[in-house]
Protein chains: 2
Amino acid sequence: MRTERLPTLEDVARIAGVSRATVSRVINGIRNVDPQLHEVVWDAVGRTGYVPNRLARSLVTRRTGTVALVVSDSESHDDDPFMSRFFADPYFGRVVGGLMSVLRRRGVQLALQIVGTDDGRKRLVGDLRNGQADGAIVLSLPAVDPLPRMLTEGGVPAVLIGRPAEPVPIDYVDLANDTGAALAAEHLLARDCQRIGMISGPADVPASSDRVAGFRRALARRGHGWVPIESGNFTRDSGEAAMRALLAGHPHLDGVFVANDLMALGALAVLREAGRRVPEDVAVVGFDDSSAAVAASPALTTVRHPLEDMAAEAARLLLARIDDPGMRVSSVIYEPALVERESA
Amino acid sequence: MRTERLPTLEDVARIAGVSRATVSRVINGIRNVDPQLHEVVWDAVGRTGYVPNRLARSLVTRRTGTVALVVSDSESHDDDPFMSRFFADPYFGRVVGGLMSVLRRRGVQLALQIVGTDDGRKRLVGDLRNGQADGAIVLSLPAVDPLPRMLTEGGVPAVLIGRPAEPVPIDYVDLANDTGAALAAEHLLARDCQRIGMISGPADVPASSDRVAGFRRALARRGHGWVPIESGNFTRDSGEAAMRALLAGHPHLDGVFVANDLMALGALAVLREAGRRVPEDVAVVGFDDSSAAVAASPALTTVRHPLEDMAAEAARLLLARIDDPGMRVSSVIYEPALVERESA
DNA sequence: TCGGGGTTGGAGAGCGCTTTCCGAGTGTTA
DNA sequence: TAACACTCGGAAAGCGCTCTCCAACCCCGA
């Protein structure tokens with residue numbers, strides 16, 4: 001039962017007939033301890049079933065062996081349909097998987113934190129400064145988010161996944177979203193598409209605006225000075241709506257780049273409904289190479305987003321910064337690649 | 001910078017001109033404190049920017065305000081392709097979303113823990129008993145897992161998601177998998193399918209064997225004494241393989257129940273490849289109602305698995321047990337429902 | 001005026017651990 | 001043999017907080 005007191009260092013020391021300090025030294029492998037005592041101590045540890053208390057240890061060492069995964073949401077009502085959607089999206093899971101792949105083997109724990117209000121952010125930073133965790137990986141959802149700056153100002157080691165909207169001296173990993181979009185543009189051009197459109201994400205999210213910019217630039221370089229764009233919010237439904245609008249305004253469209261796979265799914269449905277064959281009548285290129293891309297029919301040609309690798313790199317960066325807070329601020333940009341399937 | 005010492009209770013007390021105890025009482029709202037002092041203290045808190053140190057507090061209160069989400073894996077090699085697949089699967093995210101929906105508003109944190117070895121399990125239980133977290137939500141993947149028993153024996157409040165393979169006195173939430181499978185069977189029969197097959201999950205996982213049993217029983221009750229079954233391991237690829245095998249042995253199949261949506265996606269691909277129309281030639285029913293179901297084409301008729309609700313209930317159960325460890329052990333079984341779309 | 005009950009603030013003892021400081025013991029060199 | 005440098009174990013001071021005592025005080029009725 002929970003009630004019975006667990007063995008402490010003190011207990012082990014008593015049984016081993018040494019001092020608390022010695023037991024601590026043996027357990028942490030710090031300094032040389034006489035091999036005989038060494039054995040006696042481990043024996044006592046085994047007999048008592050002693051397990052060090054992490055809390056107590058952290059209190060004095062100022063190290064917790066935990067990093068926080070912070071999801072920074074915009075002002076969200078307490079019961080929050082968006083959040084559940086966010087978690088169900090493969091995006092979240094891929095990030096967690098990538099993080100865990102490096103944290104796990106270093107024995108570091110991951111604690112999930114969600115903040116939706118400025119008050120929450122303030123409390124979070126306070127807790128982190130107090131050593132609640134050794135550092136933070138930040139997934140920032142709002143277009144403009146004060147959290148990254150608050151973290152650097154608080155001296156909390158942190159790494160963003162995705163470039164911050166406004167410049168802040170903080171480590172981050174990101175994808176070359178513009179290059180990815182250019183890849184999509186060139187693929188459509190190579191297929192000889194003439195009337196090309198795009199479905200974008202929200203304009204104020206950096207990842208989204210970069211995709212628009214990259215796409216536009218690549219097309220412009222090849223003589224397509226103007227591209228019709230409809231925007232959605234990265235959900236399937238918004239993809240449907242945007243495709244409908246695009247089709248209404250430009251019925252002769254023969255190619256479309258959709259800024260994420262989920263919206264592309266919606267777009268495919270609308271195109272099918274409208275009697276357009278994909279890719280024969282309209283070629284479709286998605287973005288992310290999520291599991292949805294291969295589930296779609298026709299399977300989606302899409303831009304691969306190596307999210308797991310990026311998350312893993314973010315974890316490595318964070319651990320490095322925790323070890324050496326003076327490290328130069330750095331960012332790592334991943335190059336996307338086009339994955340050709342059936343839709344374009 | 002991290003180096004500058006953060007204000008402590010002591011500092012606040014000094015500034016407010018009272019004792020540490022008084023500040024503590026004001027902050028925790030415990031006992032009456034003279035309204036004047038009350039104000040002075042809060043004022044000092046504001047001026048210093050004091051934030052209580054959770055670690056120190058937890059050390060003495062024996063409460064952390066954190067619950068662990070434990071993913072118990074079977075012996076896994078350190079670099080583990082399976083785990084990343086697991087996280088990318090919507091299953092994980094849906095559970096996290098469900099848990100957070102109740103934990104968040106209670107101000108409880110979630111810490112992610114992965115254990116793959118018995119040694120890891122032992123350490124985990126030790127840490128939990130030491131107050132690393134107040135309790136645990138357990139996602140047990142191996143068919144037979146010692147962890148649930150270890151937790152109850154260690155007196156750690158814990159709730160499983162999914163029935164334990166062997167009986168253990170522990171709280172859990174589960175889905176009536178057999179009923180869900182029966183729903184699928186009846187739907188196929190109602191469509192007048194005559195030659196029905198099934199693609200199951202691994203035989204030793206309770207959720208999987210329950211689905212097989214429920215499906216068989218329901219068909220048997222309607223005169224179908226024997227059903228061809230191929231098994232996969234819940235991945236898309238294994239669904240493809242199983243469908244191929246099924247089709248090879250039973251080319252005249254006109255209905256198939258697939259034990260999860262991901263495998264159903266694979267099955268659909270194989271059927272299309274084989275020139276079978278769905279649902280005209282072969283009706284397909286999936287299981288889970290994951291996001292894959294609506295992305296599929298034709299959209300998947302499937303059995304809804306209210307995972308978010310179950311996870312939320314698990315969180316509630318856990319919090320209740322933490323509050324009252326003497327509480328009677330209970331389990332909550334959710335009823336599935338058939339979601340009819342295009343594939344059957 | 002005095003005693004008793006009820007408040008309220010402060011002193012201080014921990015929670016379980018690490019780590020500095022010190023002194024005792026050992027071996028090495030002159 | 002003395003002087004020195006090392007090595008290694010123990011005592012004890014915290015880490016930042018909570019909470020039990022206890023003393024001081026107030027108000028009231030007798």
Side-chain angles (χ1 to χ4, degrees), chain A residues 2-42 44-45 48-66 126-132 134, chain B residues 2-42 44-45 48-66 126-132 134:
Chain A
R2 201 114 217 227
T3 46
E4 68 189 49
R5 218 172 49 73
L6 257 47
T8 72
L9 253 202
E10 185 80 51
D11 299 325
V12 176
R14 194 157 5 86
I15 292 188
V18 297
S19 79
R20 229 164 53 235
T22 303
V23 179
S24 174
R25 283 194 273 255
V26 168
I27 286 183
N28 296 301
I30 219 81
R31 261 185 38 178
N32 272 357
V33 172
D34 184 293
Q36 289 223 356
L37 278 189
H38 198 274
E39 189 158 331
V40 172
V41 169
W42 277 118
V45 168
T48 52
Y50 170 74
V51 178
N53 183 318
R54 283 174 158 252
L55 253 53
R57 181 179 283 179
S58 296
L59 186 58
V60 28
T61 59
R62 264 89 223 298
R63 274 302 197 90
T64 59
T66 297
D127 280 349
L128 289 174
R129 302 220 312 159
N130 262 325
Q132 164 92 301
D134 299 335
Chain B
R2 201 113 215 227
T3 45
E4 67 191 48
R5 220 172 47 75
L6 258 46
T8 71
L9 252 203
E10 187 79 53
D11 299 323
V12 177
R14 191 157 8 84
I15 291 189
V18 297
S19 78
R20 229 164 52 237
T22 303
V23 179
S24 174
R25 282 193 275 254
V26 168
I27 286 183
N28 296 301
I30 218 80
R31 259 185 39 179
N32 274 359
V33 173
D34 183 294
Q36 289 223 354
L37 278 189
H38 198 272
E39 189 159 330
V40 171
V41 168
W42 276 118
V45 167
T48 53
Y50 170 75
V51 178
N53 183 317
R54 283 174 161 253
L55 253 53
R57 182 180 281 177
S58 296
L59 187 58
V60 27
T61 58
R62 265 85 225 298
R63 274 302 197 90
T64 59
T66 297
D127 279 350
L128 289 174
R129 303 220 311 160
N130 262 325
Q132 163 93 304
D134 299 336

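No hydrogens, no waters, no symmetry mates; every other heavy atom, side chains included, goes into these values. Note that the structure is predicted; figures quoted are calculated from it, not measured. Throughout, a chain's letter reflects where its sequence line sits, starting with A, and its residues are numbered from 1.
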| field | Test side chain to side chain contact (heavy atoms under 4.5 Å, CB included) applied to A:A16 - qualifying residues, sequence neighbours left out | value |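 For A:A16 the side chain to side chain contact (heavy atoms under 4.5 Å, CB included) partners, ignoring immediate neighbours, are A:V18, A:V40, A:V41, A:A44.
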| task | Only counting residues at least two apart or in another chain, list the ones meeting side chain to side chain contact (heavy atoms under 4.5 Å, CB included) with B:R57. | result |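 Testing B:R57 for side chain to side chain contact (heavy atoms under 4.5 Å, CB included), a comparison that skips the adjacent residues, returns B:I27, B:N28, B:P52, B:T61.
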| task | List in chain and number order the residues that pass side-chain hydrogen bond (donor to acceptor under 3.5 Å, both in side chains) with B:S58, two or more places apart in sequence or in another chain; answer none if no residue qualifies. | result | none
| request: Please list all pairs passing the salt bridge (charged side-chain N to carboxylate O under 4.0 Å, His left out) test where one or both residues lie in residues 13-26 of chain B, with sequence neighbours left out. | output: B:E10-B:R20, B:D11-B:R14
| field | DNA chain D: 5'-most and 3'-most nucleotides touching chain A, 4.0 angstrom heavy-atom criterion | value |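 With heavy atoms of chain A under 4.0 Å away, the range is D:dC8 to D:dG16.
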| Spatial distance of atom CG (A:N53) from atom CZ (B:R129) [nearest 0.5 Å] | 12.5 Å
| said: How long is the straight-line distance from OG1 of A:T64 back to CZ of A:R54, given to the nearest 0.5 Å? | reply: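 Going from CZ on A:R54 over to OG1 on A:T64, the span is 8.0 Å.
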Using the 3.5 Å cut-off, write out each protein N or O paired with an N or O of nucleotides 14-17 of chain C and the distance between them.
unit_1	atom_1	unit_2	atom_2	d
C:dC15	O3'	B:R62	NH2	2.8
C:dG16	OP1	B:R62	NH2	2.9
C:dG16	N2	A:A56	O	3.4
C:dC17	OP1	A:Y50	OH	2.4
C:dC17	OP1	A:N53	N	3.0
C:dC17	OP2	A:L9	N	2.5
C:dC17	N4	A:R20	NH2	3.0

| field | A:R25 or B:R25, whichever maps to the more 5' nucleotide of DNA chain D | value |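 Here A:R25 is the residue nearer the 5' end.
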| Residue met sooner reading DNA chain C from 5', once A:T22 and B:G17 are mapped to nucleotides | B:G17
| C:dT7 C1' sits how many Å from B:H38 NE2, rounded? |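 That distance rounds to 16 Å.
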| query | Does the side chain of A:L6 come within less than 4.5 Å of B:N130's, by heavy atoms? | reply | yes
| request: Determine, stepwise, if the pair A:D134 / A:R63 fulfils side-chain contact (heavy atoms from CB on, under 4.5 Å). | output: CA-CA 6 Å; A:D134 299 335; A:R63 274 302 197 90; 3.8 Å; yes
